[in-house]
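Notes follow the structure.
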Amino acid sequence: MALKKTNKHPLKQILKRCSSFGKGNGPADVPKGHFAVYVGENRSRYIVPISWLAHPEFQSLLQRAEEEFGFNHDMGITIPCEEQVFRSLTSLIRT
């Protein structure tokens with residue numbers, strides 16, 4: 001049984017809109033290889049490296065974001081957690 005090829009994952013489409021996605025053509029304040037996420041009640045903006053997409057902890061946050069907000073909108077990725085929790089989790093990713 002052959003698997004049907006699906007369209008691009010919505011996360012990739014959102015990343016292209018809110019990042020340089022490694023090509024240097026994203027928003028002026030987002031460095032090459034990074035993308036923006038919005039976190040917490042005040043939707044504080046964080047610029048994170050695309051390499052974080054490989055980390056299970058960050059993948060878990062993205063899964064929660066997709067479940068709560070979806071990826072089919074024109075805004076950047078909104079992460080549904082408190083800023084303090086996000087900063088703590090991302091400090092583990094950096095090490």
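Both backbone and side-chain heavy atoms feed into the values below; hydrogens, waters and symmetry mates do not.
If you take CZ on R87 and SG on C81, they are separated by 10.0 Å, rounding to the nearest 0.5 Å. The CD atom of Q59 sits 15.0 Å away from the CZ atom of R64 when rounded to the nearest 0.5 Å. If you take OH on Y38 and CD1 on I79, they are separated by 11.5 Å, rounding to the nearest 0.5 Å.
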Practice problem: Start with the C-alpha distance between L61 and W52, add both sets of side-chain angles, then the distance that settles side chain to side chain contact (heavy atoms under 4.5 Å, CB included), and finish with yes or no. | Solution: CA-CA 11 Å; L61 288 177; W52 285 11; over 6 Å; no

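When hydrophobic clusters are built by joining Ile, Leu, Val, Met, Phe, Trp and Tyr residues whose side-chain heavy atoms come closer than 4.5 Å, directly or via intermediates, I93 is not grouped with V85.
Side chains of Y46 and T90 form no contact here, defined as non-hydrogen atoms less than 4.5 Å apart. For the pair R45 and V30, the minimum side-chain heavy-atom distance is below 4.5 Å.
When all heavy atoms of A65 and P80 are compared, the closest pair comes out as CA-CD, 3.6 Å.
One N or O on the side chain of S88 and one on the backbone of Q84 form a donor-acceptor pair closer than 3.5 Å. At least one donor-acceptor pair closer than 3.5 Å links the side chain of H34 to the backbone N or O of K32.
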